[in-house]
Amino acid sequence: MRTHLCGELCEAQVGEEVSICGWVNKRRDHGKLIFVDLRDYSGIVQVVFDPNFNSFSHEIAKKVRGEFVIKVDGVVKRRDEATINYKIKTGKIEVFAKKVSILSEAETPPFIIENRENVDETTRLKYRYIDLRSEEMQNNLRLKHSVMMATREFLNSKGFVEIETPILAKSTPEGARDFLVPSRLNPGRFYALPQSPQLFKQILMFSGFDRCYQIARCFRDEDLRADRQPEFTQIDLEMSFVEMEDVIETIEGLIYFIFKKVLGKELKVPFERINWNESIEKYGTDKPDLRYGLLIRDISDIFGTSGLKIFKDVLQKDGKVKALVVNEHSHGNSMEFTRRELDEFVNVAKSFGASGLVWMKVENDKIQSPIAKFLSAKEEEELTRTLDLKEKDLVLIVADESSKSSKILGSLRTYIAEKLNLLNKDEFKFVWIVNFPLFEWDEKENRLSPTHHPFTKPDMHTINLLESDPLKVKSLAYDIVLNGEEIGGGSIRIDDAKLQRKIFKMLGIEDEEIEKNFGFFLKSLEYGVPPHGGIAIGLDRLVMLLGRLESIREVIAFPKTQSAVCMLTNSPSEVKEEQLKEVFIKVVDGS
RNA sequence: GGAGCUGUCGUCUAGUGGUUUAGGACACGUGCCUGUCACGCACGAGGUCGCGGGUUCGAAUCCCGUCAGCUCCGCCA
């Protein structure tokens with residue numbers, strides 16, 4: 001049908017007869033001459049319809065409109081020096097049309113493709129087939145494809161086997177909310193779409209595949225965010241006879257390979273590592289952005305004898321006074337915060353759950369602050385020395401329960417970094433978070449819950465605390481963080497049925513529930529299991545960051561809105577009564 | 001479940017109680033135009049101001065509710 005792609009035509013084809021197909025990007029009608037910019041995925045080329053050259057095709061070109069799909073047979077000609085368009089790759093040539101066929105007419109498009117950046121996302125999602133024609137979306141999805149290709153190439157070369165696991169899987173009440181699928185053949189029973197192929201990939205290790213991976217679709221029925229969709233894709237892998245170091249090394253190799261292959265960028269490996277508690281202490285989060293400083297400091301000691309009620313009360317209740325130092329060093333240039341901006345920080349901190357925020361700024365070598373008059377000379381001196389305060393430095397202080405004050409300042413840290421433009425968009429800063437606690441305390445349920453997941457192996461150096469102080473037990477889990485986004489996480493898994501059962505029990509799962517939900521898995525652990533571990537990398541997030549994009553929706557062809565609706569197909573939708581009957585479902589309350 | 005922001009021709013937007021018969025740009029239609037590439041010129045068509053209620057002599061504008069989209073908190077083992 002065609003001999004060339006629009007974007008690949010160049011001076012080499014001058015004089016040749018070519019056939020090209022594509023969408024009409026733009027038509028410019030000069031009465032006699034008509035110019036059409038023809039677009040396919042490779043690029044744009046100008047087609048000239050000249051009545052003196054071919055009057056028949058010129059007549060047809062009069063009817064052509066934007067987004068029509070046409071086929072053009074013509075001759076490639078070199079453009080006159082004066083008419084060269086240096087803005088496009090094919091600007092030195094043009095195609096003189098001998099014959100044109102309209103393959104498909106098109107309604108006037110709801111938006112101009114080149115203008116998509118300014119168009120409401122709802123409209124773009126409703127007409128996703130048009131949005132996807134844009135250079136940006138083509139690039140984004142092709143970028144994702146390249147990452148998938150590189151992943152397969154790398155893992156295949158390391159002895160991994162790609163194995164599929166069920167999409168119709170088993171519901172386990174642990175973890176995220178499941179998407180349920182009713183079973184027509186088994187009335188009243190349900191499959192669940194997998195939140196991850198976790199247990200299947202472990203069992204494949206028990207089956208002796210040694211190493212396997214899959215580019216796996218995962219489903220979680222939780223609320224959406226800019227970086228979260230109800231269905232998303234993970235690079236999911238599992239390895240036998242390995243320790244944490246082996247998995248980490250494999251992933252560093254994979255990420256290095258992807259960046260080299262896809263962006264031509266050589267990353268520094270190995271990546272930095274931070275202990276989980278250090279991450280929380282210094283950055284107030286388990287996914288720190290290391291592209292900038294703004295460290296959190298514990299200044300409780302300074303206020304140990306303080307008469308200041310807001311600090312005294314917190315410290316007496318075992319809380320902490322913590323500070324975020326915003327200084328010229330981390331900012332890169334001189335700064336001055338207005339009263340209005342300081343008030344804004346207070347409000348932002350409150351929106352993150354702070355009961356208050358105290359600010360201090362150094363002006364003319366004096367500390368200015370709403371609490372300045374309550375500070376003793378000694379406290380002021382210690383603050384200046386401990387935090388190494390210089391002229392114009394700003395200190396933001398939160399006093400609260402230790403982890404809460406860290407978390408609030410961590411959120412504030414991100415907010416300020418964005419506001420002060422501390423983020424280098426071209427930098428890729430990876431970091432491993434290690435030494436996670438095995439459990440967290442679930443305030444609402446009043447029981448232990450796993451930090452990673454219940455199959456994570458405890459760090460054997462701390463296993464003796466399992467009974468006495470379970471919250472102090474560390475795990476062999478690891479997260480990989482890129483520019484403040486968690487892009488993956490994994491662990492060495494429990495390979496002992498007795499320990500696995502004990503962990504389930506500690507999580508407060510009844511014996512009966514354990515049998516019902518995990519009986520098959522506990523049994524599989526009893527027939528010869530290799531030490532094993534793995535990791536899952538969030539493919540969409542990784543590609544989003546690789547493409548320096550703001551939203552995961554930009555790397556998913558047909559994403560859902562924040563209320564989990566597909567604007568293109570209008571799913572989810574109601575179904576016919578008969579369909580419901582077949583699967584024994586009765587809608588009780590649709591509201 | 002909660003907080004914030006947004007909603008005006010196909011698209012992007014101006015309009016903060018009366019001069020609005022809701023204005024502009026792009027797109028669209030018709031005509032003219034042989035070198036444009038953000039083509040140009042002329043004319044034209046196109047709006048339940050998200051929806052419902054209220055306040056007012058008068059509402060796109062103020063108030064209440066509601067819906068939708070986005071960002072965030074909770075949630076995401």
Side-chain angles (χ1 to χ4, degrees), chain A residues 25-38 44-53 58 65-67 77 79-88 90-91 94 96 107-127 130 172-178 195-196 198-199 218-230 232 347-348 350-354 407-408 411 414-415 418 436 438-440 442-445 448-456 475 477 486 489 491 503-504 507 509 517 538 550-551 553 560-563 565 567:
Chain A
N25 200 56
K26 188 96 195 187
R27 188 183 73 115
R28 289 176 296 279
D29 186 345
H30 286 235
K32 291 288 190 301
L33 277 185
I34 296 174
F35 300 97
V36 164
D37 295 338
L38 196 62
I44 288 176
V45 70
Q46 175 163 278
V47 181
V48 185
F49 295 90
D50 184 339
N52 296 329
F53 187 76
H58 180 262
R65 292 294 181 272
E67 298 309 311
K77 291 197 180 181
R79 294 201 200 184
D80 288 344
E81 188 62 39
T83 63
I84 290 176
N85 183 358
Y86 291 100
K87 287 180 207 156
I88 59 172
T90 60
E94 57 198 356
F96 272 70
E107 294 288 318
T108 303
F111 57 91
I112 310 285
I113 291 171
E114 263 113 9
N115 200 29
R116 69 184 280 279
E117 306 257 359
N118 305 316
V119 175
D120 190 80
E121 197 181 357
T122 318
T123 312
R124 284 171 37 208
L125 291 177
K126 191 169 165 192
Y127 298 94
I130 295 172
T172 51
E174 294 295 304
R177 208 172 282 114
D178 282 323
Q195 296 173 26
S196 90
Q198 186 55 38
L199 292 180
C218 304
F219 306 86
R220 292 176 192 175
D221 189 6
E222 297 293 346
D223 284 4
L224 292 81
R225 288 283 193 287
D227 62 353
R228 271 160 44 184
Q229 282 276 306
F232 59 99
N347 285 328
V348 169
K350 281 181 181 166
S351 79
F352 292 134
K407 242 183 117 176
I408 290 161
S411 304
T414 318
Y415 179 87
E418 260 167 54
F436 280 82
L438 186 64
F439 301 110
E440 295 168 327
D442 185 331
E443 296 282 351
K444 250 190 263 160
E445 303 282 333
L448 292 172
S449 77
T451 306
H452 184 53
H453 60 47
F455 316 106
T456 302
S475 76
E486 184 196 325
S491 60
I503 298 291
F504 284 142
L507 293 170
I509 312 174
N517 293 323
E550 296 290 324
S551 154
R553 297 185 295 276
K560 310 245 185 316
T561 65
Q562 198 160 55
S563 49
V565 167
M567 294 303 268

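So you know, we letter chains A, B, ... as the sequences are listed, proteins then strands, and number each from 1.
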Atom [atom1] of [X] and atom [atom2] of [Y]: how far apart are they, to the nearest 0.5 Å?
X	Y	atom1	atom2	answer
A:Asp178	A:Asp221	CG	CG	8.5 Å
A:Cys218	A:Gln198	SG	CD	10.0 Å
A:Ile112	A:Lys26	CD1	NZ	6.0 Å
A:Glu174	A:Asn517	CD	CG	8.0 Å
A:Gln195	A:His453	CD	NE2	11.0 Å

* With nearest nucleotides of RNA chain B determined for A:Phe455 and A:Asn118 from heavy-atom distances, which residue corresponds to the more 5′ nucleotide? ->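 The residue whose closest nucleotide sits nearer the 5' end is A:Asn118.
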Without decimals, in angstroms, what is the distance between [X] [atom1] and [N] [atom2]?
X	N	atom1	atom2	answer
A:Arg220	B:rC76	CZ	C1'	7 Å
A:Asp221	B:rC76	CG	P	12 Å
A:Phe49	B:rU36	CZ	P	18 Å
A:Lys350	B:rG4	NZ	P	15 Å
A:Glu107	B:rG29	CD	P	11 Å
A:Asn115	B:rA25	CG	P	16 Å

Separation between the [atom1] atoms of [N] and [M], rounded to whole Å:
N	M	atom1	result
B:rG47	B:rG23	C1'	12 Å
B:rA68	B:rA22	C1'	24 Å
B:rC64	B:rG4	P	12 Å
B:rU48	B:rA3	P	32 Å
B:rU13	B:rG17	C1'	22 Å
B:rU6	B:rA60	C1'	15 Å
B:rU19	B:rG58	P	15 Å
B:rG15	B:rC62	C1'	16 Å

In the structure shown, which nucleotide is the Watson-Crick or G-U wobble counterpart of [N], with both distances under 3.5 Å?
N	result
B:rA59	none
B:rU71	B:rA3
B:rG40	B:rC32
B:rU66	B:rG50
B:rU21	none

* Asked: Are any of the side-chain nitrogens in A:Arg177 or A:Glu222 under 4.0 Å away from the carboxylate oxygens of its partner?
  ->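 Looking at A:Arg177 and A:Glu222, the cut-off is met.
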* To do: State plainly whether the residues A:Arg228 and A:Asp223 are in salt-bridge range, i.e. N to O under 4.0 Å.
  =>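 The answer is no: the pair does not qualify as a salt bridge.
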* Do any N or O atoms from the side chain of A:Asp120 and from the backbone of A:Thr122 form a donor-acceptor pair under 3.5 angstrom? -> yes
* Touch check for A:Pro450, heavy atoms < 4.0 angstrom, all strands: base, sugar-phosphate only, or nothing? -> sugar-phosphate
* Reckon A:Phe96 touches a base, only the sugar-phosphate, or nothing at all at heavy-atom distances under 4.0 Å? ->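 Base contact.
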* Asked: Does a side chain donor of either A:Asn25 or A:Glu114 reach within less than 3.5 Å of an acceptor in the other side chain?
  -> yes
* Asked: Heavy-atom distance under 4.5 Å between the side chains of A:Thr108 and A:Arg65, does that happen here?
  ->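 Of all side-chain heavy-atom pairs linking A:Arg65 with A:Thr108, none is under 4.5 Å.
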* To do: With the side chain counted from C-beta on, respond yes when A:Asp37 and A:Arg28 share a heavy-atom pair under 4.5 Å apart, and no when they do not.
  =>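 The answer is yes; the side chains approach within 4.5 Å.
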* To do: Quick one, give me the B/S/- string for nucleotides 67-75 of chain B, reading 5' to 3', where B means a protein heavy atom under 4.0 Å from the base and S means that only happens at the primed atoms, P, OP1 or OP2.
  => --SBBSBBB
* To do: Go along nucleotides 37-49 of chain B 5' to 3' and tag each nucleotide: B for a protein heavy atom under 4.0 Å from its base, S when only backbone or sugar atoms are that close, - otherwise.
  => BSB----------
* To do: Report yes or no: is there a donor-acceptor pair, N or O only, under 3.5 Å between the side chain of A:Glu94 and the base of B:rG35?
  => yes
* Asked: So which nucleotide from B:rU34, B:rG35, B:rU11 ends up closest to the side chain of A:Phe111?
  ->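 Within the option list, the nearest is B:rU11.
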